[in-house]
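Quantities reported herein were computed from a predicted structural model and do not represent experimental measurements. Just the heavy atoms: all of them, side chains too, but no hydrogens, waters or symmetry mates, feed the values below.
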Amino acid sequence: MAHIINLVAENDKPFFLAALIAKQKRRDSFMSNRLSGKIAIVTGAGSGIGEATVRAFAAQGAKVIATDINGDAVAALAAELGDAVHAMAHDSANEAQWQAVIAEAVSRFGGLHILVNNAGIGHGSRLTETSLDEWRGVMAVNLDGVFLGTKHAIPEMVKSGNGSIINISSVDSKMGAPLRVPYCASKGGVESFTKAAAMECCEFGEPVRVNSVHPGPVATNIFATALPKVDPAMVALLGGGEGLAAYYLRNTPQTRFALPSEIAHSIVYLASDESAFVTGTSIVIDGGFSAGKLMNQRMPEGM
């Protein structure tokens, strides 16, 4: 937790994690039951944005199937949150497992209204040194998983009367990054897929909205643990996990990382009836990271 606090606050304009969390809780107290009566599936729910989304959905009255490749992590989350959340171990690149997850949502809770395709992985290496298997591994989780979930969710959402699919992409879908070609390509694919799927649902009169969310730097344990394992080339290039965190802080105009709950609030909006006229849209949540460059953060000292 101390490491995450540093990610949020370690700069010359401190933002205190406790104050941000308190603000989020106050906001939650004013707006409740926005998802009452809705049934959702959230993938990659064992940590980070996925976990925060499950918590937010449950707080807003939804029933949730929380899935993750790490079955123990989602089982612990479900045990904490109670009967509103059911956990399933789930490889999002596996079509048969997708069918089982959706069938469970229907049999356990009675239908399906919301799908959050959040599961994803990273990979770091030179393009010229990336193997075809490595490329396909990233695409399988980040893009195939989105396709499979959307493909099998739409028919059940139509039966339920309406649906909202939220695909978690990244600011990397909108800007290039060295050593991250497979990841950037997969997230760009998610954005294009989202727009095409949204238009297809409209064309065929299916009451299903499809949108994407594009987070920038988020204060999760990825910089402390996961990233050095899955993206070693990027970590090495920028001087280790702390160096990578400093790089993102330096290039984020709001000079802090997002909280997972801040991303989850936008996902709640897209899942709710408040966004009934929103489809095919990309929502960027990055503290200005992709908007441009700040001169005073990038110029050498003395210039």
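Note that CD1 of I69 and CD of Q97 are 6.5 Å apart. Values are rounded to the nearest 0.5 Å. Here the CG-OG distance, from L143 to S192, works out to 9.5 Å after rounding to the nearest 0.5 Å. For the atom pair SG of C201 and CD of E206, the computed distance is 5.0 Å after rounding to the nearest 0.5 Å. For the atom pair CD1 (I165) and CD1 (I114), the distance works out to 11.0 Å, reported to the nearest 0.5 Å. Note that the CD atom of Q60 and the OG atom of S32 stand 6.5 Å from one another [nearest 0.5 Å]. In this structure, CG on L179 lies 7.5 Å from OG on S125, to the nearest 0.5 angstrom.
Of all heavy-atom pairs spanning Y269 and R34, the tightest one is CA-NH2, 3.9 Å. In terms of heavy-atom proximity, S173 sits nearest to K187 at CB-O, 3.3 Å. When all heavy atoms of A105 and L112 are compared, the closest pair comes out as CB-CD1, 4.5 Å. In terms of heavy-atom proximity, S261 sits nearest to A52 at N-CB, 3.9 Å. Summarising the geometry of P182 relative to H123, their closest heavy-atom pair is CG-CD2, 4.2 Å, with the distance given to 0.1 Å. For the pair I49 and P215, the tightest heavy-atom approach, listed with the atom from each and the gap, is CD1-CG, 3.9 Å.
Tracing side-chain contacts under 4.5 Å through hydrophobic residues (I, L, V, M, F, W, Y), one never reaches V101 starting from V85; they form parts of separate clusters. No path of Ile, Leu, Val, Met, Phe, Trp and Tyr side chains, each step under 4.5 Å between heavy atoms, connects I41 with L35, placing them in separate hydrophobic clusters. Residue I263 is grouped with residue V278 when hydrophobic side chains (ILVMFWY) are merged at heavy-atom distances under 4.5 angstrom, including chains of intermediate members. Both V190 and L115 are part of a single hydrophobic cluster, where members link through side-chain heavy atoms under 4.5 Å apart. When the side chains of ILVMFWY residues are joined at heavy-atom separations under 4.5 Å, either directly or via intervening members, V42 and I166 end up in a single hydrophobic cluster.
Shown here are the side chain to side chain donor-acceptor pair (under 3.5 Å) partners of D144, two or more places apart in sequence or in another chain: there are none. For E191, the salt bridge (Lys or Arg N to Asp or Glu O under 4.0 Å) partners at least two apart in sequence or on another chain are K174. The salt bridge (Lys or Arg N to Asp or Glu O under 4.0 Å) check on K159 picks up E156, with sequence neighbours excluded. When the side chain to side chain donor-acceptor pair (under 3.5 Å) test is applied to N94, no partner is found at least two apart in sequence or on another chain. Qualifying side chain to side chain donor-acceptor pair (under 3.5 Å) partners for S131, counting only residues two or more places apart in sequence or in other chains: E134. The ring pair (Phe, Tyr, Trp, His ring centres under 6.0 Å) check on F289 picks up Y248, with sequence neighbours excluded. Residues that satisfy the salt bridge (Lys or Arg N to Asp or Glu O under 4.0 Å) test with K38, not counting sequence neighbours, are D273. Remark: D172 engages R180 in a side chain to side chain donor-acceptor pair (under 3.5 Å) (not counting sequence neighbours).
Identified under the ring-ring contact (aromatic ring centres under 6.0 Å, His included) test for residues 87-120, with sequence neighbours left out: H90-W98. Screening residues 70-85 for side-chain hydrogen bond (donor to acceptor under 3.5 Å, both in side chains), with sequence neighbours left out, gives R55-E80. Each ring-ring contact (aromatic ring centres under 6.0 Å, His included) pair with one or both residues in residues 37-79, not counting sequence neighbours, would appear here, but there are none. Sorted by first then second residue, the ring-ring contact (aromatic ring centres under 6.0 Å, His included) pairs that include residues 124-172, not counting sequence neighbours, number zero.
Side-chain N or O atoms of S164 include one that pairs as donor or acceptor with a backbone N or O of L270 at under 3.5 Å. Using a distance-only test at 3.5 Å, with no hydrogens or angles considered, a donor-acceptor pair links the side chain of D68 to the main chain of A45. In terms of modelled atom types and a separation under 3.5 Å, the side chain of N117 and the main chain of G149 share no donor-acceptor contact. Of the possible donor and acceptor atoms, one in the side chain of T279 sits under 3.5 Å from a partner among the backbone N and O of V210. Side-chain N or O atoms of S275 include one that pairs as donor or acceptor with a backbone N or O of S272 at under 3.5 Å.
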Test side-chain contact (heavy atoms from CB on, under 4.5 Å) on S282 and K195 and set out the steps. CA-CA 9 Å; S282 306; K195 293 180 184 299; 3.5 Å; yes
Test side-chain contact (heavy atoms from CB on, under 4.5 Å) on V116 and I168; report intermediate values, then the result. CA-CA 7 Å; V116 181; I168 309 305; 4.1 Å; yes
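Of the listed residues (I65, V64, V74), just one forms a side chain to side chain contact (heavy atoms under 4.5 Å, CB included) with H86, and that residue is I65.
The closest side-chain heavy-atom distance from N167 to T150 is below 4.5 Å. Looking only at side-chain heavy atoms (C-beta outward), V54 and L77 come within less than 4.5 Å of each other. Between V158 and V208, the closest side-chain pair of non-hydrogen atoms falls below 4.5 Å. Residues S290 and V284 form a side-chain contact, since some pair of their non-hydrogen atoms from C-beta on lies under 4.5 Å apart.
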